[in-house]
Asks: 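Have a look at this one.
Side chains included, hydrogens not; waters and symmetry mates left out as well; all remaining heavy atoms used.
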Amino acid sequence: MKIVYFAWMREKAGVGEEEVTPPPEVKDVRGLIDWLKGRGGGYAEAFADLSVVRVAVNQEYVTLDHPVAEEDEVALFPPVTGG
Amino acid sequence: MKIVYFAWMREKAGVGEEEVTPPPEVKDVRGLIDWLKGRGGGYAEAFADLSVVRVAVNQEYVTLDHPVAEEDEVALFPPVTGG
Amino acid sequence: MIRVQREKFDLGAEVARMTEGNHGIGGVCAFVGLVRDVAGDQPVAAMTLEHYPAMTEKALAAIEAEARGRWPLEDSLIIHRYGRLEPGDAIVLVAVASAHRQAAFEACQFLIDWLKTKAPFWKREDTGDETRWVEARASDDHATRRWRRGKAAE
Amino acid sequence: MIRVQREKFDLGAEVARMTEGNHGIGGVCAFVGLVRDVAGDQPVAAMTLEHYPAMTEKALAAIEAEARGRWPLEDSLIIHRYGRLEPGDAIVLVAVASAHRQAAFEACQFLIDWLKTKAPFWKREDTGDETRWVEARASDDHATRRWRRGKAAE
């Protein structure tokens, strides 16, 4: 699974993108984030407040209960500020 | 008094602008238009329907009961269609 | 700023002039009105705009002043052309600059709505076979009325 | 049409390209967003826009398609820049062409409102002393919500 991070979540996580292999019990975005936070340090800080986490799976906006699978690209980022 | 006409009212009146000397009983725009219509032909046709006559006195929009005086420039025209 | 002219204008250059050196501007809303090649179901070959020169700039300046009183604008510009125009030609430009986009959009719409019902211009369309004066549209009166003070925006 | 680019754009040329040869267009509404030199009460020396390349064009194209489904548009264009920008630089252009001005204004506002809350861009401001990520504004969420289907326009 490819995970990409943007803006201050990228900075806090300390990585822009990475390939990960979460355990089989990670079924959805919420589970994925919990698992990432368990990795400690920057991840715990980046995702401390779930209310500001926005998610896209395969470049489409989804909610935290959206399933994730091995071949997905999951993007985690704060609310957008373009325009 | 200078009168200026625009658009189809100019064409019907048959004149773009003219100097006129209405009789003293012409006190306001409505009276002026009545007097103009009394001159016949094109004027009567131009101002047959008062509801479509728009008026500016000295380049400011006014209503039909606005006073007119010798030194005024009175403009008579149909609803504007710019923009 | 107000300009009444026969000549074409250059949208990019006009907006660049507004924003150049004013870094308090967060957004510019611009509207360009163009001559269409149809009116109702009739083809339009050309259009001629007549105006009332002694009054036009005064009327446009009053409309602009009203907008600048209602919204916090950094700058505003109205260019209205007259004379003979062909389909595709620009008739009018309204450009409004503000710190925030909502004010720019509202003031720009206000200005074009008011121009349609207050600026002393008259359009005559040439269909190729005949010429006819364009009639004022009730929808334009309606659009202007919504800006009346003390009325809801819609 | 959608463009995501580092380079400046030319408003006049872009709008000219939209209207050239399409004489069904009666009006173009364009909005240009610019970098301001202040944010709140802090000076801004520069700004950097990060985006999510794999998603950006897809997201913008979806927003554009939504606008074209809602309003009868002759053409539409979104250009969004990324990278480093300075006060006075244009960030974004939204231009919408329609037969009638009301559709052009509404669709243009819809597009910029949606861009603000849906397009995957993030702004980082450089005040000279420090850099900080811009926070999303509740007013932008509000502006987007008014376009929800089934809700009144205001």
Side-chain angles (χ1 to χ4, degrees), chain A residues 1-20 28-30 32-33 36-37 41-83, chain D residues 2 4 31-35 39 47-63 66 78-83 85 90-94 108-125 130-141 143-144:
Chain A
M1 188 184 300
K2 181 178 175 184
I3 314 195
V4 293
Y5 307 89
F6 292 98
W8 57 261
M9 285 184 192
R10 170 178 56 70
E11 292 180 338
K12 289 197 170 166
V15 59
E17 65 176 75
E18 59 186 336
E19 284 291 334
V20 299
D28 61 10
V29 174
R30 192 183 304 272
L32 175 67
I33 292 174
L36 287 169
K37 286 165 81 171
Y43 295 102
E45 207 188 328
F47 306 115
D49 179 2
L50 277 187
S51 75
V52 295
V53 181
R54 300 292 177 271
V55 189
V57 170
N58 301 324
Q59 300 90 45
E60 302 273 2
Y61 283 106
V62 298
T63 53
L64 293 175
D65 53 5
H66 192 276
V68 292
E70 199 190 325
E71 65 282 9
D72 286 339
E73 175 171 303
V74 180
L76 301 171
F77 47 80
V80 302
T81 55
Chain D
I2 300 299
V4 181
F31 178 81
V32 179
L34 301 154
V35 180
M47 177 177 276
T48 304
L49 275 119
E50 177 172 329
H51 76 122
Y52 178 8
M55 182 174 175
T56 311
E57 297 206 15
K58 212 165 159 175
L60 297 187
I63 293 170
E66 177 73 22
I78 301 171
I79 302 177
H80 205 304
R81 294 176 67 193
Y82 62 91
L85 302 171
I91 305 170
V92 63
L93 167 66
V94 174
C108 190
Q109 262 193 291
F110 169 87
L111 285 169
I112 187 71
D113 285 348
W114 271 51
L115 283 180
K116 293 261 176 194
T117 54
K118 299 289 181 188
F121 288 86
W122 299 271
K123 289 179 182 141
R124 199 178 65 223
E125 287 169 350
E130 49 154 9
T131 68
R132 56 169 184 227
W133 291 95
V134 173
E135 281 191 50
R137 300 191 314 165
S139 63
D140 287 329
D141 283 338
T144 304

Asks: Under the rule for side-chain contact (heavy atoms from CB on, under 4.5 Å), what residues qualify as partners of A:Thr63, not counting sequence neighbours?
Replies: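 Only A:Asp65 meet the side-chain contact (heavy atoms from CB on, under 4.5 Å) criterion with A:Thr63.
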
Asks: Does any heavy atom of chain A fall under 4.5 Å from the side chain of D:Ala54, the backbone, both, or neither of them?
Replies: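 Contact with chain A is through both the backbone and side chain of D:Ala54.
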
Asks: At a 4.5 Å cut-off on heavy atoms, which part of D:Lys116 comes close to chain A: side chain, backbone, both, or neither?
Replies: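 It is both, since atoms from each part get that close.
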
Asks: Tell me, yes or no, whether the heavy-atom count around D:Glu130 atom CD, taken from other residues, nucleotides or ligands under 6.0 Å, exceeds 12.
Replies: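 More than 12 within 6.0 Å, yes.
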
Asks: Run the ring pair (Phe, Tyr, Trp, His ring centres under 6.0 Å) test against A:His66 and tell me which residues pass, sequence neighbours left out.
Replies: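 Once residues adjacent in sequence are excluded, A:His66 has no partner under the ring pair (Phe, Tyr, Trp, His ring centres under 6.0 Å) criterion.
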
Asks: Residues of residues 72-81 of chain A under 4.5 Å from chain D (heavy atom pairs)?
Replies: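 Checking residues 72-81 of chain A against chain D gives A:Glu73, A:Ala75, A:Phe77, A:Pro78, A:Pro79, A:Val80, A:Thr81.
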
Asks: Give, for atom CZ of A:Arg10 and atom CH2 of D:Trp133, the distance between the pair rounded to the nearest 0.5 Å.
Replies: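 CH2 of D:Trp133 is found 5.0 Å from CZ of A:Arg10.
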
Asks: Among residues 52-61 of chain A, which ones touch chain D with a heavy-atom distance under 4.5 Å?
Replies: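 Under the 4.5 Å heavy-atom cut-off, A:Ala56, A:Asn58, A:Gln59, A:Glu60, A:Tyr61 qualify.
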
Asks: Please work out which of the three classes, parallel, tilted or perpendicular, describes the rings of A:Phe6 and D:Trp122, given edges at 30° and 60°.
Replies: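 Answer is parallel, since the angle falls under 30°.
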
Asks: Is it the case that atom CD in A:Glu18 sees more than 12 heavy atoms from other parts of the structure closer than 6.0 Å?
Replies: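 Yes - once you tally the heavy atoms of other residues, nucleotides and ligands closer than 6.0 Å, there are more than 12.
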
